[in-house]
There are 2 protein chains.
Amino acid sequence: MLARELDARKQQILWAVIQEYVARAEPVASEALCQRYGLGVSAATIRNGMHALTEMGYLYQPHTSAGRVPTDRAYRLYVDWLMAGHPAAGVEQRLSAAERERIRRRMQSKDHPEDALAEAVQTLASLTDYPSVASTPDGPRRLQRLHLVPLSDQRALLLVVAEGAVEQRVVRLQRPATEDDLRQVSQLLTRALAGLSVSEITDGVAERIAAAVPDQADLVKAVVAQLRRYGGLRTGVRFFVEGVSNILKQPEFQDVRRARPVLAALDREEVLRDVLLPAPTDVHVRIGRENPVGEMWSCSVVAAAYRVRGRTVGVVGVVGPTRMPYARTIALVRYLAQALSHSLSYAV
Amino acid sequence: MLARELDARKQQILWAVIQEYVARAEPVASEALCQRYGLGVSAATIRNGMHALTEMGYLYQPHTSAGRVPTDRAYRLYVDWLMAGHPAAGVEQRLSAAERERIRRRMQSKDHPEDALAEAVQTLASLTDYPSVASTPDGPRRLQRLHLVPLSDQRALLLVVAEGAVEQRVVRLQRPATEDDLRQVSQLLTRALAGLSVSEITDGVAERIAAAVPDQADLVKAVVAQLRRYGGLRTGVRFFVEGVSNILKQPEFQDVRRARPVLAALDREEVLRDVLLPAPTDVHVRIGRENPVGEMWSCSVVAAAYRVRGRTVGVVGVVGPTRMPYARTIALVRYLAQALSHSLSYAV
DNA sequence: GCCTAGCACTCAGGCGCCCAGAGTGCTAAC
DNA sequence: GTTAGCACTCTGGGCGCCTGAGTGCTAGGC
């Protein structure tokens, strides 16, 4: 099965150039392909093919007497071909049983979602040697439980238990409340709000609940106000990032002027949001200029959705140079997202 | 008042070299000092002084026909002199009222300690343009309250309220427990453990509590086990880091081989631990080789303790090149630690 | 006795030059 | 359609030169 547009030979050559360039990070010469890949033809023939591929926009020649470098377009073709289920040419797409086992072991028995996410990005960063990112679980979560815990005379802690996540907020008390007061309000709120998602909590709902306990109306309103902030952007999705310095290991980022924009982008939540979200259905690969953020045009992003009890709630992935062993990276990210899904479904 | 060893002229020259080098990041020539600083003597005389300072180890000459660069030792002398209460030569050590106001405003009304820390490192990174780090509150915290909240049949959430911090842990239930069971155990544990620090919880204590409620002994033990892990290293101090890519703005880190070790170090918690902790009493400055970690020998760390209700619990600071406007940086870090202390004491 | 003007000396870094080596495109033969 | 051969192009490294910056030293001045 061939990629559209390319005959068998051209595809063979293109895949070989990609593989060679990924491995060596230097323009690939016809001679090198001839020696290292059993293409069964001479360097001159390969040159013809490379010439054609260059005219078609799949290869690029830094200067006249240099070899060829794959373009974003070539990587895209290659990745589409991989994603259509083809075995990667010469590269093992599947992870070995031992690797799977190692990943599974690292990801299991994380009690807390944050621990699981931290472990996920650490694992991914160490396995790929690329900066790794994960978003915290998000989505139209339904509230399960609200608990108020006294902290002091002026403050109580609001514990929000929702599907797949627990958050704490501090609520200020207008006047001291006893532990029983807090428990009563907690139960009332839980009964009234369980099953709703944060966005469904309107002022009307707040009023209705407050009416039921006139002497704790202030407290109820304060809690509802906090809940609505909790649904807001500021406290919503956050990101775990690990191994940003890995990008500096890559030859294409030896120049600080190239590397800095990328590192700066990885520091900024809005950028991560744009680059990673919305969550893909399976694995998503964005190559170079396909990225929505200019700072990332020299990078590829491989990301996969993770799920909690079947529902997609977040994304985990890596950021690397466009010159990337896609088959392996995709397999790793995909498997890690599965392991994370499993760990989270189990945890909360 | 003079620094030991140096006469008035030498000190004047040294401070001027430092100031000039901090501003321009290039070896400082005698002529330049003569023109830009009113030292009242000719370039030749300044040269004599610079020569002496070089022999004394305060200045360094990259090559014969270059100007002078301050050594770590020079910065140390300068910082000691600053910390002894001297006004910075030519640099305003104090922050302007407007700056203080801006910092205060950014730091106020953060309900949650994590928000306050995140805001602190963001503020510091944007004001200094250096990577900024803060440790989460730590110390021999006394427990105040324990709460168990049902999550499902198999799991409960353990909420640990201690001085200046709240943490969540998941506890696995051997067998289903009712909400009342959990409340009862929560109250029992709170009564037994409030006022103790985590390290004081021994097996004996656990046994004693468990004996009081034989039918919930498993649960009690599970909670105590979690508490002791909570005191352990893994879940103890964490770090907030912001603006790591700022280091690449500095001329001394234009070479990736210089920059990468520093960035990699900032990625690693153990390193941050060694570099930032233990918490200093006031502001602590570590210059170049004074740092306990080799990767940081080309950097200076300016860190200050922050307090919750008077007790030092954490550290906030910046990592920059040794060529740093110490007076300003120290003032910023000190003030930010104060603002953070205030914000945290208020928050939890 | 300290300061300064003048001067010789040193050295890094930029520029131009050359050359080797790598890799191509083309052409002619198979 | 493929291949061998060859001329051509271009980069990058090495080399030498030269300029400019900055010093250290010395001799003279207040």
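A note on names: the letters A, B, ... follow the listed sequences, proteins ahead of strands, and every chain is numbered from 1.
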**Prompt:** Counting side-chain heavy atoms from C-beta on, which of C/dT4, D/dT3, D/dG22 comes nearest to B/Thr45?
**Reply:** C/dT4

**Request:** Could you state the atom-to-atom distance from CZ of B/Arg47 to P of D/dA21 in whole Å?
**Result:** 14 Å

**Prompt:** Do A/Arg68 side-chain and C/dG25 base share a donor-acceptor contact under 3.5 Å?
**Reply:** no

**Prompt:** Does a donor on one side chain and an acceptor on the other come within less than 3.5 Å for B/Arg323 and B/Gln250?
**Reply:** yes

**Request:** Specify the separation, in whole Å, of atom CD of A/Gln61 and atom P of D/dC8.
**Result:** 18 Å

**Toward the 5' end of DNA chain C, by each residue's nearest nucleotide, A/Ala29 or B/Ala43** = B/Ala43

**Message:** For the residue pair A/Arg258 / A/Ser298, report whether a side-chain donor-acceptor contact shorter than 3.5 Å exists.
**Reply:** no

**Request:** Please confirm whether any donor atom in the side chain of B/Ser65 sits under 3.5 Å from an acceptor in the base of C/dC11, or the reverse.
**Result:** yes

**Prompt:** Quick one: A/Asp7 CG to D/dT2 P, roughly how many Å, whole number?
**Reply:** 9 Å

**Asked** How about B/Tyr37 and B/Glu20: does a side-chain donor come under 3.5 Å of a side-chain acceptor?
**Response** yes

**Asked** Can you name the one residue among B/Leu53, B/Thr71, B/Val28, B/Val69 that meets side-chain contact (heavy atoms from CB on, under 4.5 Å) with B/Leu59?
**Response** B/Leu53

**Item:** Phosphate-side-chain proximity, B/Arg9 and C/dC3, N/O vs OP1/OP2 below 4.0 Å
**Value:** yes

**Request:** Using atom CG of A/Leu59 as one end and atom P of C/dG23 as the other, report the distance to the nearest whole Å.
**Result:** 15 Å

**Item:** Side-chain N,O (A/Thr64) to OP1/OP2 (D/dT9) below 4.0 Å
**Value:** no

**Item:** Whole-Å distance separating the CD atom of A/Glu31 from the C1' atom of D/dT3
**Value:** 12 Å

**Item:** Whole angstrom value for the distance that separates P of C/dG23 from CD of A/Gln35
**Value:** 10 Å

**Message:** Check this one for me: any side-chain N or O of A/Ser30 less than 4.0 Å away from OP1 or OP2 of C/dT24?
**Reply:** yes

**Asked** Considering only side-chain heavy atoms of B/His51, which listed nucleotide, C/dT10, D/dT3, D/dG24, is closest?
**Response** D/dG24

**Asked** In whole angstroms, how far is the P atom of C/dG21 from the CD atom of A/Glu26?
**Response** 17 Å

**Message:** Please report the distance, rounded to the nearest Å, between CD1 in B/Ile46 and C1' in D/dG24.
**Reply:** 15 Å

**Prompt:** Are A/Tyr326 and A/Ser300 linked by a side-chain donor-acceptor pair shorter than 3.5 Å?
**Reply:** yes

**Complete:** The residue, B/His63 or B/Ala44, whose nearest nucleotide of DNA chain C is more 5′ is B/Ala44

